Number of protein chains: 2
Amino acid sequence: MSTARRERITISDIAAQLGISKASVSYALNGRPGVSAATRARVLHLADELGFHASSAAVALSASRTGTIGVVIARDPAVITAEAFYMRTLFGVEQYLNEADGQLLLRLTGERGEDLDVYRRWTRQGRVDGFLLYDEHDDDPRVPLLTALGMPAVMVTSVALDDGIGRLVTPEAQTVQVMLDHLHSLGHREILHLSGPLVYAHERVRMQTMASEGAARGLQVAHVEGTYEFASGAEATSALLRRRPSTAPTAIVAGNDIMATAAVSTATDLGLRVPTDLSVIAWDDSVLCQVARPHLTAMDHGLMGKARLATDLLFDLIAGGTQVHRASSVGTLIVRGTTGPPRR
Amino acid sequence: MSTARRERITISDIAAQLGISKASVSYALNGRPGVSAATRARVLHLADELGFHASSAAVALSASRTGTIGVVIARDPAVITAEAFYMRTLFGVEQYLNEADGQLLLRLTGERGEDLDVYRRWTRQGRVDGFLLYDEHDDDPRVPLLTALGMPAVMVTSVALDDGIGRLVTPEAQTVQVMLDHLHSLGHREILHLSGPLVYAHERVRMQTMASEGAARGLQVAHVEGTYEFASGAEATSALLRRRPSTAPTAIVAGNDIMATAAVSTATDLGLRVPTDLSVIAWDDSVLCQVARPHLTAMDHGLMGKARLATDLLFDLIAGGTQVHRASSVGTLIVRGTTGPPRR
DNA sequence: CTGAAAGCGCTTACAG
DNA sequence: CTGAAAGCGCTTACAG
């Protein structure tokens, strides 16, 4: 009856109805000083009654604040849709955003650097206040790019570099210790580390840590670089098993759930028993691990919690925070059916 | 050297450097008439050289256009991270957006109606130009809400209602025909349809279609409502197998990959052989289907392509298009190791 | 505590 | 074809 033609309700409407200035409405709405408690209450009440929500464009334009963070994932669809990693991570981010009333702008690009253009464009267009970064590469071009653009960013990574961007650092050393201690106590002495692609910084860290921690325990740790794909896990496993029954590894630590599942499948197909003839640990737990037979022993890294931590750090930096490093806590080893004493 | 203090490059900068008006720059940039070819070329060249990207806030505020679509997923994290459905769907959407230079605002909420608030808020805030809708319920409250808000929307569904919102309609009848023909030709006469929750409109359609198409082929089709979860598939399967060897179904059509995998696992655990003693089809193909043993026979619905179609329809409606219904094409049955002739 | 006014960076009729 | 100007809906010093 009142606002027939005009679709949108603005602070001008509220100001007019209350007989005060737009400025007062703005101050009241944003919880800033400059209005009396009584005026503030009247504004908030009317805004609620009218279902008022400030135009994000107007806020962004005048206050240079979008309330939006960006996530750009540059990975092959075939791999990414197979792993649960990103979906869990996104859920963690969203849990935080639901509470903090933030928004997520998401972009899935190919692996050939198209992502750099998205960071640049979104920044110039003023679409986001900051970025959450995953899958760090060595000399990752995103770090200098975002630094140059002056855009807050948090890398979820295993490397605690001091390059100015925010970093949520995974304690890979502790993760490796948990897995190696488990295998060591079962009696394994020779282990194969089937990693993901070494272009990823965290895979390099894991490889080095597996080697050093293995040596510290008197373990032989061999390494093979995989692709995260099923075929890659199958191939590495059959190659390993062809060396039997010499001094081949009795256990495989696989870089993701897919390759771990492949290892179990392949061993079983070749007539071996898991875990008696071969033990397998998956670096990341997932439904796949719970559904495969036998169920896979795997690390639960609390991915949703990690994502929340990362998002919290990012909002902190956006708000002007200066503490750029934060550490996530070590995960839990879920012992299921694919690890046991080796026969030998 | 020139723009030291001022971070952002604006059309005013371009206009100044070229000695023309802001309006001309705007026309040139947006490919609209009102500038000579020569001027347009100079503008575009300089904009490119300066790495100019228009402020999305300013465009949104003045032109009421964000270039952003919203997707709000109201599902339990445990289920959603297990299925590949949404990740594939998001990839399809993103493929389209990468080409059309559109953006995606994503929100994952709980299942208790919090999503309605997000639709309302994003609309009032002017954050998006339209919504992509999934998981239609009977009398879905989102339809009247978005209609009232005057917001373009496309529901990806199995129901071709004429309620004004856009609909990309899955041909469930054809899908059912493909699966039933396969089972029928193998010799199955009694089939169990283990559906997902019937609160979803597409599950109701599937149930009705399974019944009618089954009857048309002289098949007995029983129905059990599942939850999409592993436990649900396991339970339904063991209940079915307890009825053996009477006139129990010899095949299960399961509503998603998780329940299908559960059916195979459970049957195997109970000492039955798949597919000899029990055949299983998964309604949606996934890595899980390819990794499980035996590999699962499943429908490939071309989810990424469907998502692209839906996004295309949405942008069409946003641009003023009036054709609200579009049909997606039927998927392909991938015959693997879980379907074969029944023993009987 | 309150109001008038400038400004954010675009788009879009409207005159020339 | 081109320019001057108003307007989108907020925020934010700046006076009172």
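Residue numbering restarts at 1 for every chain, and letters A, B, ... go by the order of the sequence lines. Everything numeric here is computed off the predicted structure, so don't read it as measured data. Values below: every heavy atom of this structure, side chains too, minus hydrogens, waters and symmetry copies.
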What is the distance, to the nearest angstrom, from the CZ atom on A:R124 to the C1' atom on C:dG9? 16 Å
Would you check if there is a donor-acceptor pair between the side chains of A:T109 and A:D115 at a distance under 3.5 Å? no
Under the side chain to side chain contact (heavy atoms under 4.5 Å, CB included) test against B:I69, which residue among B:Y96, B:F315, B:F131 passes? B:F315
Given atom CG of B:L61 and atom C1' of C:dC10, what is their separation to the nearest angstrom? 8 Å
Under 4.0 Å, heavy atoms only, any strand: does A:S64 hit a base, just the sugar-phosphate, or nothing? nothing
More 5' along DNA chain D: B:A58 or B:P33, using each one's nearest nucleotide? B:P33
Whole-Å gap separating C1' (C:dC8) and CD (A:Q125): 17 Å
So which nucleotide from C:dT2, D:dT11, D:dC10 ends up closest to the side chain of A:S26? D:dT11
It should be established whether A:S55 places a side-chain nitrogen or oxygen under 4.0 Å from OP1 or OP2 of nucleotide D:dC8. no
Is it the case that more than 12 heavy atoms not belonging to A:D139 sit under 6.0 Å from its CG atom? no
Heavy atoms from other residues, nucleotides or ligands near CD of A:Q323 exceed 12 (cutoff 6.0 Å): no
Closest to the side chain of B:V59, out of C:dC10, D:dT12, D:dT2, is C:dC10
Taking B:V324 as the fixed residue, which of B:L317, B:I165, B:L313 is the one that meets the side chain to side chain contact (heavy atoms under 4.5 Å, CB included) rule? B:L317
Under a 3.5 Å cut-off for both distances, is C:dG3 Watson-Crick or wobble paired, and to whom? D:dC14
For the pair made of CZ in A:R32 and P in C:dT2, what is the distance, rounded to whole Å? 16 Å
Spacing of CG belonging to A:L133 relative to CG belonging to A:L146, to within rounding of 0.5 Å: 5.5 Å
Do the side chain of A:Q103 and the main chain of A:L105 share a donor and acceptor less than 3.5 angstrom apart? no
For C:dT2 and A:S36 - does any side-chain N or O of the residue sit under 4.0 Å from the phosphate oxygens OP1/OP2? yes
Closer to the 5' end of DNA chain C via nearest nucleotide, is it A:G34 or B:L29? A:G34
When the distance from CG of A:N30 to P of D:dC10 is rounded to whole Å, what number comes out? 10 Å
Please report the distance, rounded to the nearest Å, between CZ in A:R65 and C1' in D:dG9. 13 Å
Taking D:dT12, D:dG9, C:dT11 as options, the one with an atom nearest any side-chain atom of A:A63 is D:dT12
Every protein N/O lying under 3.5 Å from an N/O of nucleotides 3-7 of chain C:
unit_1 : atom_1 : unit_2 : atom_2 : d
C:dG3  : OP2    : A:S21  : N      : 3.0
C:dG3  : OP2    : A:S24  : OG     : 3.4

Length of the line joining B:L18:CG and D:dT2:P, which is rounded to integer Å: 11 Å
